[in-house]
Every structure is written in structure tokens, then in C-alpha cells.
There are 2 protein chains.
Amino acid sequence: MLKPDKLSLNIPDTTKPRVVIIGGGFGGINLARKLSEKHFQVVMFDRQNYHGFWPLLYQVATAGLEPDSIAEPLRKMFGSDDYGDFYFRLVKVTGINPDARTVDTLIGELPYDFLVVATGTKINYFGNDQIKKYAFPLKQIPHALNLRSQMLQAFEQANMTSDPEIRQSLMNFVIVGGGPTGVELAGALAEMKKHVLPTDYPGMDFTQMNIFLIEGMDRVLPPMSVEASEKTHKYLSELGIIIKLNTLVEAYDGEIVILKGGEQIKTNTLIWAAGVSGAVIGGLPEECVERGRYLVNEFNQVKGYDNIFAIGDVALMKTPEFPKGHPGVAQPAIQQGKLLAKNLKRLVLKQPLEPFKYFDKGSLAIIGRNRAVADLPNNIHLGGFFAWVIWLFVHIMYLIGFRNKLVVLSNWIYKFFTYENGTRLIIRPFIRKGDRVSQDFINKYNTD
Amino acid sequence: MLKPDKLSLNIPDTTKPRVVIIGGGFGGINLARKLSEKHFQVVMFDRQNYHGFWPLLYQVATAGLEPDSIAEPLRKMFGSDDYGDFYFRLVKVTGINPDARTVDTLIGELPYDFLVVATGTKINYFGNDQIKKYAFPLKQIPHALNLRSQMLQAFEQANMTSDPEIRQSLMNFVIVGGGPTGVELAGALAEMKKHVLPTDYPGMDFTQMNIFLIEGMDRVLPPMSVEASEKTHKYLSELGIIIKLNTLVEAYDGEIVILKGGEQIKTNTLIWAAGVSGAVIGGLPEECVERGRYLVNEFNQVKGYDNIFAIGDVALMKTPEFPKGHPGVAQPAIQQGKLLAKNLKRLVLKQPLEPFKYFDKGSLAIIGRNRAVADLPNNIHLGGFFAWVIWLFVHIMYLIGFRNKLVVLSNWIYKFFTYENGTRLIIRPFIRKGDRVSQDFINKYNTD
């Protein structure tokens with residue numbers, strides 16, 4: 001790899017106004033797709049070269065999908081000639097200089113006319129470095145591969161110990177956070193426990209396998225309706241998942257989880273799905289940021305600026321309907337991205353801007369085979385098989401790329417009929433510094 | 001991860017003779033599948049939990065296939081009830097004690113009645129530690145992901161430099177070794193150069209991209225027929241690949257390749273496909289090992305032992321037809337594994353053993369779209385489209401698992417009609433100690 005000092009951004013000069021988009025998530029790609037190349041030069045920065053369909057990441061972690069099926073290369077999305085004046089750069093943005101109207105990156109600075117921050121979120125460990133060190137996050141594809149390997153490895157090792165206490169802590173899985181990620185992961189794990197693992201490990205007693213779901217609030221899926229929460233709670237319990245509400249995690253040293261109140265759970269695998277905060281970038285004054293997100297007006301303009309915008313999870317738009325901002329899901333990001341494309345054009349044409357109105361298409365969560373919950377507009381709440389079908393349909397529809405749709409669909413059909421999670425491979429490529437791994441483990445995976 | 005001292009093998013005692021198989025490759029799985037559970041208890045050790053279909057690994061490296069499509073979990077293959085007395089253990093075997101009739105592993109020793117070494121090969125750097133440190137190998141799934149990321153990263157960076165010399169060394173790819181891996185990788189890279197990369201990187205001039213194929217002997221594909229070599233050479237040249245025969249690599253420091261004779265090539269990416277040696281295990285006397293492989297008789301018995309066997313690439317069976325041993329491909333391993341299953345049964349039934357006769361089904365190599373070469377029995381040599389169709393058919397046929405066949409086939413169909421390599425994702429999970437990576441790179445990939 002080259003040192004940054006040998007690289008430069010190489011963006012051609014232009015007479016058109018330059019729109020710099022930081023982030024290729026749901027907000028960023030929907031903005032870039034709709035931006036008129038006639039009026040703008042578009043530059044997109046991201047630290048990955050792909051757009052990830054994160055609602056399905058938990059299926060990579062539970063061996064249901066290949067890592068590549070849920071992502072699409074950004075250059076593939078914007079490679080065609082419809083995006084003539086579009087430039088993608090795989091580099092980290094380190095700061096914003098609103099006065100100079102430039103962004104800093106690791107390989108130099110770039111002037112912008114319009115800046116759009118679409119960086120999404122980063123994991124929030126609430127300042128607990130010990131948990132950050134030992135917990136398994138689930139936010140990026142490498143996380144999912146790492147978690148998948150960790151879980152499968154735990155079963156392999158549970159199979160190789162005669163010490164009941166060690167076996168139990170290998171077969172305890174503690175998921176912290178009862179939001180969509182935690183719930184869907186718990187459900188998928190429970191399905192594996194029922195259908196896949198007993199065949200894979202004939203000698204083992206899977207009644208010993210415990211899946212804990214720990215939520216700080218008084219119900220699972222707090223962002224969804226009470227009806228959805230209750231149905232979900234019921235489904236999870238039927239799947240044998242141990243749910244602990246109003247419960248916070250105080251500490252985890254890689255072996256023992258200590259809950260607020262003192263209860264302890266022995267586990268080698270603590271999955272952290274407890275929260276995120278906006279991935280804000282340094283450089284803008286403090287008053288622009290509230291609870292880790294950029295304060296924006298109804299045009300997604302960051303407080304105090306008319307040419308700096310924030311969209312999606314990193315934006316905090318307070319409205320009468322959403323005094324605490326919009327839900328941290330794909331739809332607000334998608335809709336804000338599309339609207340901003342129009343509004344940027346209006347800006348250069350000196351036309352009045354259109355304020356953002358969130359169109360709630362409803363929200364969904366899948367708990368397991370034939371089980372899902374749906375909050376639809378007009379207060380319609382569905383559960384069970386019908387919601388499950390809607391979930392499948394919506395996720396295939398929104399999945400990026402013809403190829404991904406095809407591969408994911410064929411995997412799901414295969415899985416439905418065979419009860420198999422096809423990709424149960426332990427692929428934990430190379431050792432991360434500070435990983436809790438034994439020499440045995442390194443020998444096993446860092447071979448030539 | 002647990003320390004080895006907390007684990008034990010946990011293999012139940014048995015009155016049946018115990019067959020210990022080291023390695024779940026082509027030899028190991030074909031032996032285990034055919035071994036009569038009525039007569040034996042079977043224990044398989046491997047350091048991966050999956051069987052890899054390595055002939056397609058280069059397609060993972062060139063973004064044609066998902067990493068999971070070319071592998072099948074060993075527990076899935078042997079999970080069914082037909083394998084009642086079968087035990088898989090994910091652990092490294094560290095030694096053999098022929099006198100005590102035990103194998104040592106990182107978590108304890110295990111007595112065997114029959115031992116089968118089916119460990120295959122390891123990469124041979126011919127003692128050059130500098131090359132070992134800086135070259136990119138292509139032997140395991142993590143290698144393929146790492147190489148894929150390296151190559152895509154190189155294009156991203158070539159796009160971000162105005163220094164022509166730096167760009168050139170980023171766009172030079174040096175493949176060392178003109179065997180099947182090197183040839184097929186070179187061909188796939190050339191196809192990407194033609195069909196995928198120019199669309200992905202509109203601003204860039206891909207006439208600058210050079211693919212070097214360096215072979216020490218006087219023709220490419222030395223294991224195949226002269227006819228196949230000549231056709232392959234022609235195809236590779238037509239694809240613009242720079243072939244250097246009778247050429248050895250002397251040194252590589254991560255930036256400059258020095259060839260024997262002094263010629264130098266600047267490159268950030270040197271791919272090492274130059275050779276392998278048998279993955280022998282310590283414990284057997286020296287006279288059993290020749291050129292890094294176990295000397296075996298026609299029953300695959302290791303020299304001097306009647307209950308220790310070696311099959312596949314780690315075995316060296318000298319016959320009049322193959323004085324230097326059989327070719328290092330899947331077929332000899334598969335056939336030796338199947339025969340050994342029969343012979344082990346004959347051993348316990350005190351029946352005479354059947355000697356190994358290699359049935360050469362021919363060999364194939366694919367150079368690119370519509371281009372392949374085939375050496376078939378009876379001295380039939382094919383090339384071009386027809387050989388290409390045979391290649392596709394054979395590889396789908398031999399591919400493990402219904403699911404893998406389905407996924408790979410759909411990927412190939414997609415690729416054939418769209419000219420797209422679907423999975424161009426840079427997924428270089430976590431940093432390996434000693435990786436030549438900049439802080440920029442670490443920031444980019446080791447995020448939370």
C-alpha cells in the first residue's frame with residue numbers, strides 16, 4: 001500500500017458547481033443518482049468501495065448469505081455514461097473547512113460549492129472501552145464474517161471440551177440491544193439452533209445453547225409499535241430466546257457479562273447491537289451538532305450554512321411530527337437524498353426550495369421462519385406469515401442490483417426448502433491487533 | 001478464543017479400528033465418504049471447517065465468485081446419519097508418533113489404528129523470506145479476498161496519483177508461475193482489463209495496465225501437453241499478457257521485482273503461484289520423505305509402515321508411468337482416497353490389497369472467455385470454445401454441493417451475458433501483522 005503523501009485526489013477542474021458527497025450509503029447514492037450531471041460535477045467519498053444493504057447484514061453473520069450478496073460496488077452503480085461528470089474516491093475525509101469551503105482528506109483537500117454529509121452512523125459503546133475491546137460489533141461486512149466465524153468456532157470448541165462450565169459459556173450468546181439488528185440476529189440464531197446445528201454436531205446437546213437478548217427499555221423493537229413489540233416478544237419467546245428488558249450491561253471482560261443489578265452471564269460471545277451515534281466530521285461549530293447528529297432545517301441545510309447539507313442518520317431534523325428526528329432507517333435517508341437532488345438544482349436555478357416531508361412506508365422486522373412483524377401506514381399492524389411474505393418481498397425489491405437480487409433470492413429459496421444455512425464457513429482472514437486469540441488460533445488461520 | 005489447554009479432543013472410545021484422517025481435501029473427503037462405518041470409527045482433522053474447491057479459487061480473487069461459493073462445510077458433508085461413527089475436529093495436528101501409534105494435536109494426542117495423511121501442499125517460496133513477506137499467495141480463501149482487495153485498491157490508487165511512475169507500478173501485475181493457477185489468473189485479469197475496468201475507471205488509460213506471467217521453464221502449463229502449452233501461449237499473447245519463459249524471480253521488496261539476469265519490474269502486486277511442496281508432518285523418519293512428500297507404495301502405505309498412509313499431493317508414489325509421482329491435481333487424490341477406503345476394509349478382513357492405477361481423465365485449463373485447452377485421454381488435445389465448454393461442464397459437475405453448483409452457475413451465466421465481475425468489493429477485513437499498509441489503510445479498514 002502507498003503512503004498517503006504519494007497520492008492526490010485528481011479531480012478535474014470544472015466550471016459547473018461541484019457537489020461533494022461524503023458517504024455512499026442510502027442517502028448518498030440516491031442523491032447522486034438523481035443529481036443532474038448537466039448542472040453539477042459530483043464527487044463522492046467513501047472508505048468502502050461498495051454500497052452495503054445493511055438490513056441483511058445479520059444474515060451474513062448467521063451463514064444465510066454470502067458477504068458479497070448484500071453489497072454492490074459503487075463504481076458499478078455509477079460507472080455507466082449517465083454519470084459522466086461523477087468521481088468516486090476511496091479515501092477518508094478528515095475534516096470540513098466551512099470558511100475556505102473545502103474538505104480535508106488523507107490525501108489532500110478539495111474545494112466544494114455544495115457539501116453533503118451522508119456518513120450515517122458509527123457504533124456507540126457509550127464510552128465503555130472494555131466492551132468496545134471484547135464485544136463483537138455488527139455494522140460492517142468484516143464484522144459479520146468475524147461474528148460468523150466466532151459463533152461457529154464456539155460450537156467447534158464446545159465440542160472439544162469435557163468441562164461443562166466452559167462448554168456452557170461457549171454455548172451462551174448474549175445479544176445486547178433489542179432493536180431490529182438484535183431481534184433479527186436472535187431469531188436467525190434460534191432457527192440455526194433448531195434446524196442446522198443439531199445435524200452438524202450430532203454428539204452435542206443444544207438445549208444447553210442459550211440466546212440472551214438484552215434491552216435497556218421496557219420492550220423489544222422500541223422504534224416500532226407496541227403491537228409489533230408484543231408480537232415480536234411472543235415470537236422470540238416461542239423460539240426459546242431469553243429476553244431481559246429494562247436491563248443494561250455494565251461490564252464485559254471477554255468471559256463474564258455483568259448486568260446492572262449484579263446478575264452475571266458467562267459467555268465467550270457478546271454481540272453489541274445496543275446503539276449508534278452519527279458519524280460527524282470535525283470542522284463545523286459545536287452548535288451544529290446535537291446528540292451526535294447535525295442539526296438541519298427542513299431543506300437538510302446544516303444549522304448556519306446554506307451550502308452544507310446533512311442527510312440520513314447523521315442528520316437531525318426536528319419536526320412537529322418527529323421532535324427527536326426521523327427514525328434511523330433507510331427510508332428517511334433515501335427520501336432526503338432524492339429531495340436534495342431536486343433542491344440543489346433549484347438552488348442554482350434560484351428557485352424556492354421544497355421542504356422535506358417524510359412519507360412513512362412503514363417498518364418491518366423478521367423474527368424467524370414464517371414469522372415477522374409489520375407496522376404499515378394508517379396504523380395497520382401485521383404479524384406472522386403474511387408479514388413475513390411482505391418482508392421477503394420488500395427486501396428483494398429494495399436490494400441493490402439484478403445480480404444481488406438473483407443470488408439472494410436463490411439462497412433464500414434454497415434455505416427455505418433445505419433448512420440449511422449454506423455458508424457456514426469459518427473465514428476469519430487475518431488476525432486483528434488486540435484480538436483475543438490463542439496461538440492455536442493464529443496457527444490455524446494465519447498460515448501460508 | 002480459548003487456550004488449547006482448556007480443550008480436549010473428546011473422541012469416544014471404540015472397539016472398532018480407528019481411522020484418523022488428517023486433511024479434508026479431495027483425498028480426505030473421498031476416503032471418508034467411502035469408508036464403511038460398519039468397520040471403522042473415522043476421525044478427521046482439519047484446520048479449516050470447510051472443503052475448498054481450489055480449482056476455482058482464482059475466480060474469487062478476480063471478483064467472479066463469492067468466497068463461499070467454492071467451499072462446503074465439512075460438517076455439512078458428513079452431518080447426515082450415513083456417517084454415524086464420524087468425528088470432525090477443527091484443530092492442528094502437530095506430530096505423529098508411529099511407535100506409540102498416536103497423533104499429537106494442539107489439544108492432546110489421539111491413538112490410531114490406521115493413519116491417513118491427506119494434508120495436501122503448502123506454498124513453496126524456495127526459502128526466499130523476502131518474497132514470502134511481500135508477495136501475495138493464492139492458496140486459501142483469505143488469500144483470494146486479500147488479493148482481490150489488493151488489485152482493486154491498486155486501481156483506486158492509480159486513479160489518485162498524477163505521478164506516472166507510481167501509477168505504472170500500481171498498474172503492473174506480476175504473476176510468478178505459469179502453471180494452471182498463474183495462467184487462469186492471468187487470463188481472468190486480462191478479461192477484467194478488457195470488459196470491466198475501463199467502465200469502472202472512465203478517466204484511466206488501461207493500455208498502461210500490464211500483466212506479466214513469469215515461468216521458470218521453457219513453456220507455460222508445463223504439466224500439460226506441448227500442444228496445450230502452445231495454444232495457451234497463443235491465447236495469453238492475444239489477451240496482451242506479457243509472458244517471460246525460462247525466467248526466475250530473484251528478489252522482491254514490495255516495490256521492485258528483480259529477475260534473474262538483472263531485469264527489473266516495478267510493481268505493487270506480485271502474485272506468487274510458483275510452486276508448492278507437500279505439507280508433511282513431523283514424526284516420521286527422514287527416509288519416508290523425498291522432495292517434501294511421503295514415499296508410498298502402490299497401496300499408499302508410507303515407506304516402512306503398514307498402517308500409515310499418505311494420499312494426494314502429499315504422497316509420492318513412483319511408478320513406471322510416473323517416475324516422479326502423479327500430477328498434483330485433484331484426480332489422483334480423489335482416486336487414491338476412494339481406493340484406500342476399499343483397501344482399509346480389505347486390511348481388516350485380511351484380504352489382499354488392490355494396487356493403485358491412475359485413471360487419467362485428462363486435464364483442463366481456462367484462459368479466458370471462450371478460450372480453454374484440454375488434454376484428453378488417447379492423446380486428444382482440444383482448444384478454443386469447445387474446450388471452454390468442457391471446462392465449464394466439468395467444473396460444475398465436480399463442484400461440491402447442490403447449493404454451490406446453483407450459485408456458481410448463476411454467477412457464470414450472469415457474468416457471461418453482462419461481462420460483469422459481480423463481486424468487486426474491497427473486503428480486506430483486518431490487518432495482518434507485518435502487512436505493508438499505511439495508516440490511511442488501517443484507518444480505512446480497521447474501523448469500529
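What you see is a predicted model, and the numbers here were worked out from it, not measured in a lab.
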Student check: side-chain heavy atoms of [X] and [Y] closer than 4.5 Å:
X	Y	answer
A:Lys76	B:Val196	no
A:Lys6	B:Gln157	no
A:Asp68	B:Pro67	yes
B:Asn159	A:Arg75	yes

Between [atom1] of [X] and [atom2] of [Y], what distance do you get to the nearest 0.5 Å?
X	Y	atom1	atom2	value
A:Met160	B:Tyr87	CE	OH	15.5 Å
A:Leu145	B:Ile141	CG	CD1	10.5 Å
A:Leu152	B:Leu90	CG	CG	10.0 Å
B:Asp200	A:Phe88	CG	CZ	10.5 Å

Any Lys/Arg nitrogen of B:Arg89 or A:Glu156 sitting under 4.0 Å from an Asp/Glu carboxylate oxygen of the other?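 No, B:Arg89 and A:Glu156 are not salt-bridged.
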Taking ring-ring contact (aromatic ring centres under 6.0 Å, His included) as the definition, give me every residue that meets it alongside A:Phe416, ordered by chain and number, with sequence neighbours left out.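 Counting only residues at least two positions away or on another chain, A:Phe416 forms a ring-ring contact (aromatic ring centres under 6.0 Å, His included) with A:Trp388.
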Between B:Thr161 and A:Asn10, what is the shortest heavy-atom contact and its length?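 Scanning both residues, the minimum pair turns out to be O-ND2, 3.1 Å.
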Holding to side-chain contact (heavy atoms from CB on, under 4.5 Å), I want the full list of residues that pass it with A:Thr94, two or more places apart in sequence or in another chain.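 Scan of A:Thr94 (side-chain contact (heavy atoms from CB on, under 4.5 Å), adjacent residues dropped) gives A:Asp104, A:Leu106.
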Engaged part of A:Asp163 at the chain B interface, taking heavy atoms whose separation is under 4.5 Å: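 When you check distances to chain B, no heavy atom of A:Asp163 falls under 4.5 Å.
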